[in-house]
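This report concerns only the one structure given below.
This structure is a prediction, so every number in the text was calculated from the model and none was measured. Proteins come first, then strands; the chains are lettered A, B, ... in the order of their sequence lines, and each starts at number 1.
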There are 2 protein chains.
Amino acid sequence: MEAVLTEAVALLDESGQSALTFRALAQRLGGGVASIYWYVANKDELLDRAADHAIGAVLDTVERQTRTDDPIDDLRVIAVTLFDAIVDRPWLASYFMRNTDVQTQSLHLYELLGQQTLRLDLTPRQRFHAVSAIVGVVVGTAADMGQETPQELLEGDVDRDEFLGRFADTWRALDPEEFPFVHEIVDEFAGHDDKDQFLAALELTLAGLKLQAGA
Amino acid sequence: MEAVLTEAVALLDESGQSALTFRALAQRLGGGVASIYWYVANKDELLDRAADHAIGAVLDTVERQTRTDDPIDDLRVIAVTLFDAIVDRPWLASYFMRNTDVQTQSLHLYELLGQQTLRLDLTPRQRFHAVSAIVGVVVGTAADMGQETPQELLEGDVDRDEFLGRFADTWRALDPEEFPFVHEIVDEFAGHDDKDQFLAALELTLAGLKLQAGA
DNA sequence: GCGGGGAATCGAACACTGTTCTATCTTATC
DNA sequence: GATAAGATAGAACAGTGTTCGATTCCCCGC
């Protein structure tokens, strides 16, 4: 079981989501295809478990970080750590917190996130919504960024700046009257850093939360 | 081309993402499988175009709504309209704004969103980040909600409350010492409305944005 | 009227996927 | 040593996206 999961994660890390097939995994484990089905009911469960396995590392990192006296700061640290993990492993986005019956590590992370809101002056409902919002921002933006990697980038045929530049060029060719906003931000887009973009989005949510908690 | 797209969307609406196969689509169009490849290079492009086709309706709705004098209010209206569309068609989440070369409607919607930020006192970079954040919240939460529909709900074998209740029960069985937050919010979770959850998340981001714009 | 040539169509095949069936080993307990 | 459960594996099945080559359609210049 343990070996199945670690090997599955390794396969995902090396060649992406499409590389994780039962046959490839079986070959790596030096066994047959059907053996995997003894540990796991279907591919969805395999991914659920693999994702939770990977979240374990995130949880370790987060727990090792000392708690500050500001819950908002702690929320930020956890969110950023999770974000980094998803950027490294884009497949995490689709399977994080999908089935907490199986994903105990993820549930722990969710709990840890929520515990920070217990230190804020909020109603239970506000706490629930706050954590959902933060998870949404992290997973949403990370997923968006992970999928924008269209093979060419992975193989190194073309670098990121050129990839962004191609889109920027077609955007610049648009009618400025009709697309004033696109023209306003095209330069920002062309040289943008994904992490900055995420941090800005997170900061907006945290600012709103701080306001709500009356701090 | 037009027929291919409308029929593809119809198929997706009726039976979900897994029902859109080239063979099923061909049969519906009364033609052969390979004919579709004359209009579209591969399945990804088919989904890209189908998504953009569906976004067209969103764009119409949004443009018909009268602009208020508060850009934040307008941002909210657009965000909510897009959210509702994605809840209706969960497959939109994965393909929205994935390739603006092909998705002209989506680009228009993006522009419309951005134009509201032009009325706020922000730097170009802040505007870019603001729109990314809002899109992230909408797509992120909508995607999360759309995927939690695990067949049983679609077929009506079990209703939503029971589905949530099952998770709530396993959560309640957890150790309260170790999971104080989960216990704090489990009742909220059991009876929660997805739309409220989204609106709360959106409001946090908008509040942060309002603060940033100094309004 | 008549080719000619691109636009459009289609069926059959290919390589690959998740999943299941059935038969076989392995191991520990009585 | 027999029995039953834990664990493994090969072969087959149904279904997928995609490609190939041949075929039809239809319009335009001669």
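- With hydrogens and angles ignored, the 3.5 Å screen pairs no side-chain donor or acceptor of K195(B) with any backbone N or O of V80(B).
- At a threshold of 4.0 Å, the pair E188(B)-R127(A) does not count as salt-bridged, since none of the basic side-chain nitrogens sits closer than that to a carboxylate oxygen.
- For the pair I36(B) CD1 and dC10(C) C1', the interatomic distance rounds to 11 Å; values are reported in whole Å.
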Would you tabulate the nitrogen or oxygen pairs shorter than 3.5 Å linking the protein to nucleotides 17-21 of chain C?
residue	atom	partner	partner atom	Å
dG18(C)	OP1	K43(A)	NZ	2.6
dG18(C)	OP2	F22(A)	N	3.1
dG18(C)	N7	R23(A)	NH1	2.9
dG18(C)	O6	R23(A)	NH2	2.8
dT19(C)	OP2	Y37(A)	OH	3.0
dT19(C)	OP2	K43(A)	N	2.8
dT19(C)	O5'	Y37(A)	OH	3.2

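- Here the CG atom belonging to L82(A) is positioned 11.5 Å from the CG atom belonging to L112(A), to the nearest 0.5 angstrom.
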Enumerate donor-acceptor pairs with a distance under 3.5 Å from any side-chain N or O in residues 22-33 of chain B to protein atoms, sequence neighbours excluded.
residue	atom	partner	partner atom	Å
R28(B)	NE	E7(B)	OE2	3.0
R28(B)	NH1	E14(B)	OE1	3.2
R28(B)	NH2	E14(B)	OE2	2.8

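- In summary, R166(B) and E162(B) do not engage in a salt bridge, as defined by a charged side-chain N under 4.0 Å from a carboxylate O.
- No donor-acceptor distance shorter than 3.5 angstrom exists from the side chain of H192(A) to the backbone of F128(B), with no hydrogens or angles considered.
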Considering only nitrogen or oxygen atoms on both sides, find all protein atoms under 3.5 Å from nucleotides 22-24 of chain C and state each distance.
none

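- For residues 50-61 of chain A, the set of pairs meeting the side chain to side chain donor-acceptor pair (under 3.5 Å) definition, not counting sequence neighbours, comprises D52(A)-S106(A).
- The two atoms that bring V58(A) and A85(A) nearest to each other are CG2-CB, 3.4 Å, heavy atoms only.
- At a threshold of 4.5 Å between non-hydrogen side-chain atoms, the residues V138(A) and F96(A) do not count as touching.
- Heavy-atom contacts of chain A under 4.0 Å fall on DNA chain D between two terminal nucleotides, which in 5' to 3' order are dG6(D) to dA12(D).
- Judged as a side chain to side chain donor-acceptor pair (under 3.5 Å), the pairs with a partner in residues 169-180 of chain A (not counting sequence neighbours) are, in order, W171(A)-T100(B), R172(A)-D187(A), E178(A)-H108(B).
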